[in-house]
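None of the values given here were measured: they were computed from a predicted structure.
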Amino acid sequence: MPSPAARMKLESDQSEEQPQSGAEPQSDREDVATLAYRLWQERGCPDGSSEVDWFQAEQLRREDGAS
C-alpha cells in the first residue's frame, strides 16, 4: 500500500486527468488532502492508516463549515 503522501499525489494526478464526478469541488478535495496529510504527519507518518486521517480531515472540514 502506498504511503498517504503518495496516495494523495496519485489521487490528485488522476483527478486532474478525469472529470470530477460531482462528489465535491476540487478545492474542497485539495483542502481535505492537505489537512489529512498534516494530520498524518502529526501522528508520526504511520503506514497503512491513510483512511483514518482522510475521514478525520473530512469531519473537521464539515464541523468548520457548520460553525
Side-chain angles (χ1 to χ4, degrees):
M1 175 179 245
S3 71
R7 183 174 168 208
M8 286 181 222
K9 173 73 173 128
L10 179 62
E11 289 175 354
S12 175
D13 290 347
Q14 289 174 345
S15 68
E16 289 173 8
E17 296 170 4
Q18 300 172 355
Q20 196 84 15
S21 64
E24 59 183 303
Q26 184 65 27
S27 62
D28 287 346
R29 183 175 175 82
E30 289 172 359
D31 289 346
V32 171
T34 300
L35 180 55
Y37 182 72
R38 192 174 324 140
L39 293 169
W40 174 72
Q41 287 181 315
E42 289 174 2
R43 292 188 320 110
C45 308
D47 287 335
S49 63
S50 59
E51 295 83 8
V52 171
D53 301 308
W54 189 271
F55 293 135
Q56 183 179 3
E58 286 181 325
Q59 181 176 1
L60 289 170
R61 291 270 303 151
R62 278 192 300 270
E63 291 172 359
D64 190 39
S67 303

Practice task
Can you sort out the partners of Q59 under side chain to side chain donor-acceptor pair (under 3.5 Å), two or more places apart, ordered by chain and number?
Solution key: E63
Exercise for the section: Apply side-chain contact (heavy atoms from CB on, under 4.5 Å) to R61 and list each qualifying residue two or more places apart in sequence or on a separate chain. Expected result: D28, D31, V32, L35
Practice task
Working to the nearest 0.5 Å, report the span between CH2 of W40 and CG of D47.
Solution key: 7.5 Å
Practice task
Could you grab the distance from atom OH of Y37 to atom OG of S50, nearest 0.5 Å is fine?
Solution key: 13.0 Å
Practice task
Looking only at non-hydrogen atoms, find the nearest pair between A57 and A36 and report the distance.
Solution key: CB-N, 3.6 Å
Problem - Sequence-distant partners of R43, side chain to side chain donor-acceptor pair (under 3.5 Å), two or more places apart - result: S49, D53
Exercise for the section: Show your working on side chain to side chain contact (heavy atoms under 4.5 Å, CB included) between L39 and V52 and close with a plain yes or no. Expected result: CA-CA 9 Å; L39 293 169; V52 171; over 6 Å; no
